[in-house]
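Worksheet: one structure, shown below.
Proteins get letters first, then strands, A, B, ... in listed order; numbering begins at 1 in each. Keep in mind that this is a model prediction, so the values were computed, not measured.
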Number of protein chains: 2
Amino acid sequence: MQSSSPAGRAGRPRSAAADAAILAATRAALVDLGWSKLTLGDVATRAGVAKTTLYRRWSGKNELVVDAVAELFDELELPDRGSLAADIEGVVLQFAAILARPEARSGLMAVVAESTRDEVLRERIRTSIVERQKRLVLEGRARAQARGELPPEPDAAEAARTADLIFDMVAGAVVHRTLVSAETASGDWVRSLTRVLLWGLTSRPDEPGDG
Amino acid sequence: MQSSSPAGRAGRPRSAAADAAILAATRAALVDLGWSKLTLGDVATRAGVAKTTLYRRWSGKNELVVDAVAELFDELELPDRGSLAADIEGVVLQFAAILARPEARSGLMAVVAESTRDEVLRERIRTSIVERQKRLVLEGRARAQARGELPPEPDAAEAARTADLIFDMVAGAVVHRTLVSAETASGDWVRSLTRVLLWGLTSRPDEPGDG
DNA sequence: GGCATTACGCTACGACCCGTAGCGAAAGCG
DNA sequence: CGCTTTCGCTACGGGTCGTAGCGTAATGCC
């Protein structure tokens, strides 16, 4: 059977241009129609491909939108702005800018909602979207520890729990601010968020208000 | 025309029992089918009413699910546990318990996603769900100020901005932890979240790490 | 009690979308 | 040149949507 080509089987190869066109058409349809009114037939027409071609590559609407939205987060990276506070503010502003785009707003929340009843979809979202964001938290902390802004963590498990907490707080706050409260994540707001986070993480345990 | 009855017009009144049955059936359908596979015909059958009756009261799936999910948050209240930290932990645990229910998980995120393209729906979510949660933040702060745990705020606008920030951080963190990271908001996690928040809010501005 | 008014249950309907099957043509590989 | 796979196109049964129409049930007003 497959003798020479490593991954490419015999026969006509799939068009890479079609993949890009379909994902772009999906984002355009999300902008124009939103999640619930988006139909795969319409996406195929926008992309200039047959509906059957679309179904050969994606099993359904959920998977298609996950891939289309995931590409939006490709531009996320951790800039080196010299201090932990500035690094956090920079990446949060990037994240907020992505969530300000209508194709991200309507698409991301919808697939997350669907993922509560679809374990495979949830894993797809995790690997293609969430894990990439969480990596920024780990990189930012490592960089801050190298700078001496944060102390090294002796307990690896505790360090992982803290990173998860920070990730949920930052990403959750931005998402909630943008999609639920429907307010823009302005520079002032991001600075306030960063201030609370950093003071909360670096303050000494002076038993403030505990019984 | 309408001479005596204040709000009730002439004719057969709408069945209040039908309203309750429809909303309960909607939640049951959310548990069994999730958002995307939920159909209004199925909800009507579950509730024991005709499909036309359902359409006479709700304009569509979005509005129906908002009302069905909103009832889940009726039980939210601010317990007086003696300290600000304990109060926060209590209400966050209540919030997390609601979000642990499948009808809330699949329904809430879906309507929020739809609300990004529907201003009327967004306002409906705000008044019936979000604003009720935000009120707990304001009550909790007022109680903490009465206890002397927090200083009084001279600037009302700044106080409102801080309350909005705290609300987005708390609600966003719990939602993100529960629905995106798909981990339970355990007691340990809630205590860690509360610790970061309180230290972040009560620490003195000693310029920690700023240039 | 009779009457107007409104809600209700039921059926039926056109419109739309889904997801798939089948076909002939096109584009690669050996 | 064959073999294989993809592609575009058409067509189809099945399901849901949202509405219209009808007869019936329940209330307020006289």
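- Rounded to an integer number of Å, the gap from CG of A/L64 to P of C/dG19 is 11 Å.
- A/R101 places no side-chain N or O within 3.5 Å of a backbone atom of A/L72 that could act as its donor or acceptor partner.
- Note on residues 53-66 of chain B: pairs passing salt bridge (Lys or Arg N to Asp or Glu O under 4.0 Å), not counting sequence neighbours, are B/D19-B/R57.
- One atom, NZ of A/K61, and another, P of D/dG15, lie 19 Å apart when rounded to the nearest Å.
- Contact of A/T39 with C/dC16 (side chain to base): no donor-acceptor pair of N or O atoms is detected under 3.5 Å.
- The B/R12 side chain lies nearest to D/dA26 when the options are D/dA26, D/dG8, D/dC17.
- Atom CZ of A/R57 and atom P of C/dG19 are 18 Å apart (whole Å).
- Here the C1' atom of nucleotide D/dC7 and the CG atom of A/L54 are 13 Å apart, to the nearest Å.
- By the 4.0 Å N-to-carboxylate-O rule, B/D67 lies close enough to B/R124 to be salt-bridged with it.
- Nearest nucleotide to the A/A10 side chain, out of D/dT4, D/dC17, D/dC9: D/dT4.
- The base of D/dG18 lies close enough to the side chain of B/K51 for a donor and an acceptor atom to sit less than 3.5 Å apart.
- The CH2 atom of B/W58 sits 14 Å away from the C1' atom of C/dA7 (whole-angstrom rounding).
- Within 6.0 Å of CZ on A/R135 lie no more than 12 heavy atoms contributed by other residues, nucleotides or ligands.
- When distances run from any side-chain atom of B/T52 to the nucleotides D/dC9, C/dG28, D/dG21, the shortest one goes to D/dG21.
- Put simply, OH on A/Y55 is 16 Å from C1' on D/dC9, counting in whole angstrom units.
- Of the candidates D/dT6, D/dT19, C/dG9, D/dT6 carries the atom nearest the A/R14 side chain, counting heavy atoms from C-beta on.
- The CG-P distance, from B/L38 to D/dT16, rounds to 11 Å in whole Å.
- Where B/R56 and B/G11 each meet DNA chain C at their nearest nucleotide, the meeting point lying more 5' is that of B/G11.
- In this entry the distance linking CG of B/L40 with P of D/dG18 reads 6 Å, nearest Å.
- Here B/K134 pairs with B/D164 in a salt bridge; the nearest charged N to carboxylate O distance falls below 4.0 Å.
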